[in-house]
Amino acid sequence: MDEIVNLGPRLPCSWCRALKWKDETQGMCCSGGKVQLPNLEPYPEPSHSLLTHQDPLSEHFLSTILQGQVYRRIGSLMAGDHQKPSFFQVNFMGDDHREKDIRCGIYPGIKPELISQLQKSLHEHNKYIMDFKAAIDSVPKDQKEFKVVINAERKPFGDIKGVLMLLRQKKWPLSSFDKSLKNEISF
């Protein structure tokens, strides 16, 4: 039988109001009021409603989706020819119904309407998915190979003559760059 350990009440920090155990160092959370973080924004929908039991699918979501996993395998950005997309690749198929079907196949028992809500939210709010989609969309459809450089300081091995920078606010057409840049994309 597991033994229950009571750590006592949690008390708010006098400066930032973070909850701390009674024996934790006072002010360590915010350096005695020197560090001030902005308030957290609420989760985007449907996550907020699902997590706060305000959605009819909340119970299903909480019992099947939240499994304590804090990492994801990304793998290749795009699936190879005649290969079924998996992991992160599913986000870039361009077909919401097919994406949903693949996800439901990976996780049997999950309600398709929940998967539809979550994948719509990911496409609208997940910075990584939005950046990768922008990178992929900037490559001509007939081009089969390109490189994605996530950290400009750590470029892939090989001869790199330049890197196309996709910035959040601006995108430039590939035609405005030297043709030698067309296979290289950076965030």
Side-chain angles (χ1 to χ4, degrees), residues 1-13 16-21 24 29-30 35-139 141 146 148 150-151 166-171 185 187:
M1 182 174 174
D2 293 333
E3 185 177 327
I4 296 174
V5 176
N6 184 351
L7 298 175
R10 293 173 53 185
L11 307 169
C13 167
C16 70
R17 311 302 296 158
L19 294 177
K20 306 172 65 69
W21 304 114
E24 283 186 90
C29 48
C30 63
V35 175
Q36 295 182 358
L37 298 175
N39 290 333
L40 293 175
E41 303 261 338
Y43 290 115
E45 288 300 336
S47 299
H48 180 265
S49 295
L50 289 166
L51 290 167
T52 57
H53 301 276
Q54 298 174 14
D55 187 290
L57 294 170
S58 289
E59 291 307 316
H60 177 69
F61 171 75
L62 294 170
S63 66
T64 57
I65 301 294
L66 297 180
Q67 299 175 10
Q69 191 169 1
V70 294
Y71 65 92
R72 290 276 181 232
R73 180 173 174 191
I74 293 178
S76 298
L77 188 56
M78 302 297 287
D81 291 338
H82 311 293
Q83 211 177 18
K84 183 178 173 182
S86 61
F87 303 113
F88 205 56
Q89 299 165 349
V90 176
N91 295 299
F92 310 111
M93 296 172 47
D95 180 341
D96 292 343
H97 295 292
R98 190 161 168 243
E99 284 182 31
K100 178 188 67 178
D101 291 344
I102 288 174
R103 286 189 170 100
C104 288
I106 294 170
Y107 300 104
I110 292 183
K111 295 182 178 180
E113 59 269 29
L114 176 60
I115 293 292
S116 293
Q117 283 185 24
L118 293 173
Q119 91 186 12
K120 181 177 186 253
S121 181
L122 281 172
H123 285 263
E124 291 174 358
H125 301 288
N126 186 291
K127 168 114 175 66
Y128 298 109
I129 291 174
M130 293 186 305
D131 284 349
F132 280 125
K133 281 180 87 71
I136 291 167
D137 290 346
S138 73
V139 176
K141 298 296 179 208
F146 60 94
V148 176
I150 296 174
N151 180 340
L166 292 177
L167 303 176
R168 250 189 229 175
Q169 302 298 326
K170 299 179 182 177
K171 286 192 239 174
I185 297 172
F187 295 118

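FYI, side chains are in, hydrogens and waters are out, and symmetry mates aren't considered; it's all heavy atoms of this structure.
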Is it true that Lys133 and Asp137 make a salt bridge, defined as a side-chain N closer than 4.0 Å to a carboxylate O? no

To the nearest 0.5 Å, atom CG of Leu57 lies from atom CD1 of Ile110 at 11.5 Å

Measuring from Ser121:OG to His48:NE2, what's the distance to the nearest 0.5 Å? 12.5 Å

Does the side chain of [X] reach to within under 4.5 Å of the side chain of [Y], using non-hydrogen atoms?
| X | Y | value |
| --- | --- | --- |
| Ile115 | Pro112 | no |
| Ile102 | Lys84 | yes |
| Met130 | His125 | no |
| Phe61 | Leu118 | yes |

Taking all atoms of both residues into account, what is the closest heavy-atom pair of [X] and [Y], and its distance?
| X | Y | answer |
| --- | --- | --- |
| Ser138 | Ala135 | OG-O, 2.7 Å |
| Pro108 | Ile106 | CD-O, 3.3 Å |
| His123 | Asn91 | CE1-O, 3.0 Å |
| Gln54 | Ser58 | N-OG, 3.6 Å |

Evaluate side chain to side chain contact (heavy atoms under 4.5 Å, CB included) for Gln119 paired with Val90, printing each intermediate quantity in order. CA-CA 10 Å; Gln119 91 186 12; Val90 176; 5.7 Å; no

Enumerate, atom names and distances included, each donor-acceptor pair closer than 3.5 Å involving a side-chain atom of residues 40-47, sequence neighbours excluded.
{"unit_1": "Glu45", "atom_1": "OE1", "unit_2": "Ser49", "atom_2": "N", "d": "3.3"}
{"unit_1": "Glu45", "atom_1": "OE1", "unit_2": "Ser49", "atom_2": "OG", "d": "2.6"}
{"unit_1": "Glu45", "atom_1": "OE2", "unit_2": "Ser49", "atom_2": "OG", "d": "3.2"}

Any salt bridge (Lys or Arg N to Asp or Glu O under 4.0 Å) pairs touching residues 114-123, not counting sequence neighbours? Lys120-Glu124

The complete set of salt bridge (Lys or Arg N to Asp or Glu O under 4.0 Å) pairs with one or both residues in residues 91-102, sequence neighbours excluded, reads Glu99-Arg103

Side chain to side chain contact (heavy atoms under 4.5 Å, CB included) between Leu114 and Leu50, worked out: CA-CA 10 Å; Leu114 176 60; Leu50 289 166; 3.8 Å; yes

